[in-house]
Protein chains: 2
Amino acid sequence: MPLLTEPKTATVEEIVGQLTEAVHEHRLQPGAKLREDEVCEIFGVSRTIVRQALRSMEFEGLLTIEKNRGAFVSKPTLKEAREVFQARALIEPSTARAAADRANAEDIVLLEHHIEQEHAALDRGEAGLALKLSGDFHLEIARMADQQTIEQFLRQLVSRSSLVIALYWRRRNALCESNAHHALVDALRKGDGDNAEELMKGHLLDIFSQLDLRERQEATTSLKDALRR
Amino acid sequence: MPLLTEPKTATVEEIVGQLTEAVHEHRLQPGAKLREDEVCEIFGVSRTIVRQALRSMEFEGLLTIEKNRGAFVSKPTLKEAREVFQARALIEPSTARAAADRANAEDIVLLEHHIEQEHAALDRGEAGLALKLSGDFHLEIARMADQQTIEQFLRQLVSRSSLVIALYWRRRNALCESNAHHALVDALRKGDGDNAEELMKGHLLDIFSQLDLRERQEATTSLKDALRR
DNA sequence: CAGGCAAAAATTGTATACAATCCGGATTCG
DNA sequence: CGAATCCGGATTGTATACAATTTTTGCCTG
C-alpha cells in the first residue's frame, strides 16, 4: 500500500502535506494518535522535524497536542462544528462574488477539471478522496478571488470541516455533492457575482443541514461504559 | 526599565506573550530582527523553546522567518495591508451585531474600563500602549460574541493591523480614536445590533482611510542607492 | 480474583552538540 | 582603485542525548 511511504529525509512541509492529506481523506480519523517516533521512521527524519510538522498542524486546527501525552487528530466539539460553518457562511459567499469578477477562462477549466476528478473519485467509491477534492474546490475559488489572507483562513476552515464531517456526517454512504459545484462554476463563468454569492450561501447551508449536530453522548471511550446496559 | 526582563525559565507562551506585546506596542518595529541567542538570554531558556515561540509568532503573521537568516518582525506589503482591513470589514460588523445580542452588564463595564485605559495611555503619550489596548477592545467584542473560531482569526488580523499601522499610518502624532469606541459600547449596551454593526463598519473604514496605502518606493535600505542622483 | 501499588517501559519535553549557511572583512588580482 | 574571492566568525538548522512524565506491566495483598 503506497500510503505514507517516503524513502528518506523529507522536509517539514512534505510531512505536513502528507499528514494533512491523510486527515482530509479520512484515512486518519479524529482521535487518532500520531506518535513522534512512528512518524520519524515513516519519513526518515529526526524528531526535531516531526515536532515542527505536528506543531504546524496544531495551528491549523487539525491536531490537538496534549502536554506530555502526544498529538491527536482533533475532535471538534458541536460548538466548534457550528462555528466552522458559521464562519464559512460569513466568508465564502463574498469570496465567491469576488471570484466571479476575476475568474478567467483558465480558472474555469481548472474548476471543471476539479469537479470531474471529484465525480470520478465518487464513482470509484473513494469518498475520502472526493471529500478532499471538494475542499480543494472551495479553496481554488478563494485563490481566484486573490485574497490571500482570507484564503489562509478558509484553508483552516476547510481542514476543520473535514474533521466535522468525519464526526457528524449523517449517512456514511451517500456523499451528496449534487451539482452545487457545477452551478457555481456556471455563475463564475458568466461573471455573475450575485448568483455566485447566493449559490455559495445555499451550498454551505446545504452541507450544514446534512450534519447531525444534535447534542449527543460523548463517544464512549471507555470499554466498560460501552458494555454496561 | 522593566521591558523584557524575566529572571529565568519562561514558558513558550510567556515568551510569545511578551514578544507579541512588544510588537503590538511598536517597541519592536517591522523589520526588526530577533536573534535566537539574544531571546534565549533574555528569557533564560534554550533555543528549543525560543524557536517554538518564534514559530508560533510566524503562524500569527507577526514574524517572518527566512530560512538560514532568522526571524524578523513582518513588514506587510500594501496588498496585505489592504487585505487585512478588507477581512476585518467582512468579519467584524457581524461580530459586533452578535456581541450586541449577547453583551451583559459585566461586559459593558469591562469595555468601558478598556476605553478609559486607552484614553489614559494617550494622555500619557504612550501611543503604542493605546494602540495595543485598542486592538484588545476589538478582541473583547469578538469574545463577547462567543465565536471562538472567528475570534482566533480576528486575533491574527488585529496583530497584523498593528504592523500595518506601524508602516502605513499617516501622521505619527495624532492617533485619533475619536469616540468610535464609545459609540460602539453605547450600541452594545442598548442591545442595538443594527447600529453596532453599522458603527463597526464605519469605524473600520475610518481607520482604513487614515492609512497611506498609495504605492511607494521600497524604503531604500542601501546607502549607495540612497546617494546616487 | 479484584484492586492497588510499584517498578519498568514507552513517550514526550528540553538542552546541548554538531552541521550547514550566511555575513563581513581582508586579500588578491585585473 | 575597484571588484571579485576567500576565509573566519556568527547565526541558524538538524540530530542526538538526557530529563520529566505518562502508560503499561507485573506483583503483592486483602
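So that the names make sense, note that chain A is the first sequence line, chain B the second, and so on, each numbered from 1. All values reported here derive from a predicted model rather than from experimental measurement. What's counted below: heavy atoms across the whole structure, side chains too, no hydrogens, waters or symmetry copies.
Atom NZ of B:K33 is separated from atom P of C:dC23 by 8 Å (rounded to the nearest Å). Here the C1' atom of nucleotide D:dT16 and the CD atom of A:E36 are 14 Å apart, to the nearest Å. B:R55 has its CZ atom 16 Å from the P atom of C:dG13, to the nearest Å. Atom CZ in B:R35 sits about 16 Å away from atom C1' in D:dG13, given to the nearest Å. The distance between atom CD of B:E38 and atom C1' of D:dT11, rounded to the nearest whole Å, is 12 Å. Whole-Å rounding puts the B:F43 CZ to C:dA15 C1' distance at 18 Å. Atom CD1 in B:I49 sits about 16 Å away from atom P in C:dT12, given to the nearest Å. As a whole-Å value, the separation of B:D37 CG from C:dC22 P is 18 Å.
Take A:E116 and apply the salt bridge (charged side-chain N to carboxylate O under 4.0 Å, His left out) test, not counting sequence neighbours, and it matches no residue. For A:E112, the salt bridge (charged side-chain N to carboxylate O under 4.0 Å, His left out) criterion is met by A:R189, not counting sequence neighbours.
A salt bridge links B:R143 with B:D107: at least one charged nitrogen is closer than 4.0 Å to a carboxylate oxygen.
Residues A:Q156 and A:R160 bring a donor and an acceptor atom of their side chains to less than 3.5 Å of each other. Side-chain polar atoms of A:E80 and B:Q148 form no donor-acceptor pair below 3.5 angstrom. Checking B:E140 against B:H114 by side-chain atom types alone, no donor-acceptor pair falls below 3.5 Å.
Between B:S46 and C:dA15, a side-chain N or O to OP1/OP2 separation shorter than 4.0 Å is present.
With distances taken from any side-chain atom of B:R51 to the nucleotides C:dT16, C:dT12, D:dT14, the minimum falls on D:dT14. You'll find that the side chain of A:Q52 is closest to D:dT14, out of C:dT12, D:dT14, D:dT11.
Using a 4.0 Å cut-off on heavy atoms, the residues of residues 61-71 of chain A that approach DNA chain D are A:N68, A:R69, listed by number.
Residues A:T20 and A:V16 come closest through the heavy atom pair OG1-O, 2.6 Å.
Nucleic acid contact for A:R47: base, since at least one base atom lies under 4.0 Å from a heavy atom of the residue.
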